[in-house]
Undergrad: 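Could you have a look at this structure, given as structure tokens, before my questions?
For the single chain, residues carry numbers from 1 onward in sequence order. These values consider heavy atoms only, across backbone and side chains, with no hydrogens, waters or symmetry-generated copies.
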Amino acid sequence: QVQLVESGGGLVQPGGSLRLSCSASGITRSITLMGWYRQAPGKQRELVADITSGGSTNYANSVKGRFTISRDNAKDTVYLQMNSLTPEDTAVYYCKVHTIGNYYWGQGTQVTVSN
């Protein structure tokens, strides 16, 4: 019943930009936190950025100044604007949504940064 639908991934050249989106549906409790994680081949999943219901943001050091997380509370949607992309940003990006007492993962969307 709960679904997190991600979109916006793809292939982009170094220095380029992508905008990811994640729309949640079927969640009846208030969303307290939304965030993005990524997992590169052979590596652990890591936090990229998250945003609270109050608008407080948190970023991994590797993306500070390049990525911007935002949310549309009315649409239960979180976005990740990614600029100045490098090959090190290549990974599957996963949306995560928290409510009181539960959390949910999106299906993941592939981001590949390469010439």
Undergrad: For Glu6 and Cys95, indicate whether the former's side chain and the latter's backbone hold a donor-acceptor pair under 3.5 Å.
TA: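 Yes: the side chain of Glu6 pairs with the backbone of Cys95.
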Undergrad: With side-chain contact (heavy atoms from CB on, under 4.5 Å) as the criterion, how do Glu46 and Arg38 come out once you've worked through the C-alpha distance, each side chain's angles and the decisive distance to 0.1 Å?
TA: CA-CA 6 Å; Glu46 64 176 354; Arg38 67 186 181 187; 2.9 Å; yes
Undergrad: Knowing that exactly one of Asp76, Asn102, Val97 qualifies, which makes a side-chain contact (heavy atoms from CB on, under 4.5 Å) with Ile27?
TA: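 With Ile27 as partner, side-chain contact (heavy atoms from CB on, under 4.5 Å) holds for just one option, Val97.
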Undergrad: Return the CE to CG distance between Met82 and Leu18, rounded to the nearest 0.5 Å.
TA: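 That separation rounds to 4.5 Å.
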Undergrad: Would you call Arg66 and Asp89 a salt bridge, taking side-chain N to carboxylate O under 4.0 Å as the test?
TA: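 Yes.
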Undergrad: Does Leu80 reach the side chain of Thr68, with side-chain heavy atoms less than 4.5 Å apart?
TA: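 When only atoms from C-beta onward are counted, Thr68 and Leu80 do not touch, as no gap falls below 4.5 Å.
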Undergrad: Mind listing the closest non-hydrogen atom pair of Ile51 and Ser70 along with its distance?
TA: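 So the minimum-distance heavy-atom pair works out to CD1-CA, 4.2 Å.
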Undergrad: Distance to the ring centre below 6.0 angstrom and angle to the axis at most 45 degrees; does that hold for Lys96 and Tyr104?
TA: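 Relative to the ring axis of Tyr104, which defines the angle, Lys96 lies outside at least one limit.
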Undergrad: For the atom pair OG (Ser21) and CG (Asp72), what is the distance rounded to the nearest 0.5 Å?
TA: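 The OG atom of Ser21 sits 11.0 Å away from the CG atom of Asp72.
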Undergrad: Do Arg19's NZ or CZ and the ring of Tyr79 fall within the cation-pi criteria of under 6.0 Å and 45°?
TA: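 Output yes; distance and angle both within limits.
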Undergrad: Do you reckon Val92 sits in the same ILVMFWY cluster as Leu85, going by side-chain contacts under 4.5 Å, direct or chained?
TA: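 Each belongs to a different hydrophobic cluster.
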Undergrad: About how many Å separate OG1 of Thr52 and CD1 of Ile31, when rounded to the nearest 0.5 Å?
TA: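 These two atoms lie 12.5 Å from each other.
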Undergrad: Working note: Val111 + Leu20, criterion side-chain contact (heavy atoms from CB on, under 4.5 Å); need CA distance, chi angles, decisive distance, verdict.
TA: CA-CA 9 Å; Val111 172; Leu20 307 182; 4.1 Å; yes
Undergrad: So if you build clusters from Ile, Leu, Val, Met, Phe, Trp, Tyr with side-chain heavy-atom gaps below 4.5 Å, do Met34 and Val5 land together?
TA: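 No, it is not one cluster - the side chains of Met34 and Val5 are not joined through contacts under 4.5 Å.
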Undergrad: Report the residues that fulfil ring-ring contact (aromatic ring centres under 6.0 Å, His included) with Tyr59, sequence neighbours left out, ordered by chain and then residue number.
TA: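 With neighbours one apart ignored, the set is empty.
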Undergrad: Has Arg45 got its NZ or CZ under 6.0 Å from the middle of the six-membered ring of Tyr94, at an angle within 45 degrees of the ring axis?
TA: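 Checked: cation-pi criterion met.
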Undergrad: May I ask you to check whether over 12 heavy atoms, not counting those of Glu88, lie within 6.0 Å of atom CD?
TA: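 12 or below, so no.
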Undergrad: How many angstroms lie between CD1 in Ile100 and CZ in Arg29, if you round to the nearest 0.5 Å?
TA: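 Going from the CD1 atom of Ile100 to the CZ atom of Arg29 covers 8.5 Å.
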Undergrad: Where the side chain of Thr77 meets the backbone of Lys75, is there a donor-acceptor pair that is under 3.5 Å apart?
TA: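 Yes.
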Undergrad: What distance separates Thr109 OG1 from Trp36 CH2, expressed to the nearest 0.5 Å?
TA: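 Between atom OG1 of Thr109 and atom CH2 of Trp36 there are 7.5 Å.
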Undergrad: When you look at Ser114 and Gln13, which way does the side-chain contact (heavy atoms from CB on, under 4.5 Å) test go after all the steps?
TA: CA-CA 5 Å; Ser114 179; Gln13 294 183 340; over 6 Å; no
Undergrad: Once disulfide bond (SG atoms under 2.5 Å apart) is applied, what residue pairs with a partner in residues 32-77 remain, sequence neighbours excluded?
TA: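 Residue pairs passing disulfide bond (SG atoms under 2.5 Å apart), neighbours aside: none found.
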Undergrad: Please work out which of the three classes, parallel, tilted or perpendicular, describes the rings of Tyr37 and Trp105, given edges at 30° and 60°.
TA: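 Perpendicular.
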Undergrad: Find out whether Leu47 and Asn58 are in side-chain contact, i.e. whether some heavy atom of one side chain is under 4.5 Å from a heavy atom of the other.
TA: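 Yes, at least one pair of side-chain atoms sits under 4.5 Å.
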Undergrad: For side chain to side chain donor-acceptor pair (under 3.5 Å), just list the numbers for Ser53 and Thr32, CA-CA rounded to whole Å, side-chain angles, deciding distance to a tenth of an Å, and then say yes or no.
TA: CA-CA 5 Å; Ser53 59; Thr32 57; over 6 Å; no
Undergrad: What verdict does the side chain to side chain donor-acceptor pair (under 3.5 Å) test give for Thr112 and Gln110, after you've listed the backbone C-alpha separation in whole Å, the side-chain angles of each residue and the deciding distance to 0.1 Å?
TA: CA-CA 6 Å; Thr112 302; Gln110 177 70 49; 3.3 Å; yes
Undergrad: Atom CG of Asp50 and atom CG of Leu33: how far apart are they, to the nearest 0.5 Å?
TA: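 If we round to the nearest 0.5 Å, Asp50:CG and Leu33:CG are 4.5 Å apart.
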Undergrad: Mind checking whether Pro14 and Thr86 have side chains closer than 4.5 Å, heavy atoms only?
TA: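 The answer is no, as the side chains (C-beta and beyond) never meet within the 4.5 Å cut-off.
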